[in-house]
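Here the structure comes first, spelled out in structure tokens, and everything after it is commentary.
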Amino acid sequence: MSDENAPSGDENGGNNSGWTPPASQEELNRIIAERVSREKAKYADYGDLKAKASKFDELDAASKSDLEKAQQRAAEAERERDSVKAETLRLSVIARHQIPADYHEFVVGSTEEDLEAKAQKVLKLIGSDSPFPKADPSQGAGGGAGKPSTADLFADFAAKKL
């Protein structure tokens, strides 16, 4: 049985790369200093690049915020337009069917067909083809000539009670 972990008798501990350890502390310090200077040379322009990158990020952020603001305004305008269109359609259906103001809240829907169906249903529930009361000819301009006004009737009533 052979020992695989035993030294091979090579002076460099089996290292055949040609590297020899530094003979003195000064030589080691020189090797380290050369290596450090090579690494520093790689990143010599790091400060400039960092400044440029931060300036680019600021400009990019400002540009994006302007774009995002414009997109937000456009989306808000579209939502408002859609809302106004829907309300206009709803009110036109209400006007077409002459639905009284007390029942406007029940006429809801997302399409004209939905609104029409709701309007028909409201009219059916309130029980009249024409939800408005019949015109009273005694009221208004020129109507009811010779009839006393409500104020006159109230004054007469009050005078009788006193």
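In what follows, every heavy atom counts, from backbone to side chain, and hydrogens, waters and symmetry copies are set aside.
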Check this for me: does any side-chain nitrogen of one of [X] and [Y] sit under 4.0 Å from a carboxylate oxygen of the other?
X     : Y     : answer
Arg81 : Glu78 : no
Arg90 : Glu87 : yes
Glu26 : Arg30 : no

Measure the shortest side-chain to side-chain distance between [X] and [Y] over non-hydrogen atoms and say whether it is less than 4.5 angstrom.
X     : Y     : result
Ile31 : Arg35 : no
Ser92 : Arg96 : yes
Thr88 : Val84 : yes

For atom CD of Glu34, decide whether the heavy atoms of other residues, nucleotides or ligands shown that lie under 6.0 angstrom number more than 12.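 Yes.
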
Quick one: [atom1] on [X] to [atom2] on [Y], what's the gap to the nearest 0.5 Å?
X      : Y      : atom1 : atom2 : answer
Tyr43  : Leu49  : OH    : CG    : 11.5 Å
Ile32  : Leu28  : CD1   : CG    : 4.0 Å
Ile94  : Glu105 : CD1   : CD    : 10.0 Å
Ile99  : Gln120 : CD1   : CD    : 8.0 Å
Ser65  : Gln72  : OG    : CD    : 11.5 Å
His104 : Leu91  : NE2   : CG    : 7.5 Å

Do Ser63 and Asp60 have a side chain donor and acceptor closer than 3.5 Å?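 Note: Ser63 and Asp60 side chains miss the donor-acceptor criterion.
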
For [X] and [Y], which heavy atoms make the closest approach, and how far apart are they?
X      : Y      : answer
Val93  : Ala119 : CG1-CB, 3.8 Å
Pro100 : Ile126 : CD-CD1, 4.0 Å
Val108 : Lys118 : O-CG, 3.1 Å

Verdict with reasoning, Glu39 to Val36, per side-chain contact (heavy atoms from CB on, under 4.5 Å): CA-CA 5 Å; Glu39 284 299 313; Val36 168; 5.8 Å; no

So, the side chain of Ser83 versus the backbone of Arg79: is there a donor-acceptor pair under 3.5 Å, distance only?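 It does not hold such a pair.
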
Can Leu89 and Lys85 be said to form a side-chain contact (heavy atoms from CB on, under 4.5 Å), step by step? CA-CA 6 Å; Leu89 179 61; Lys85 278 177 134 179; over 6 Å; no

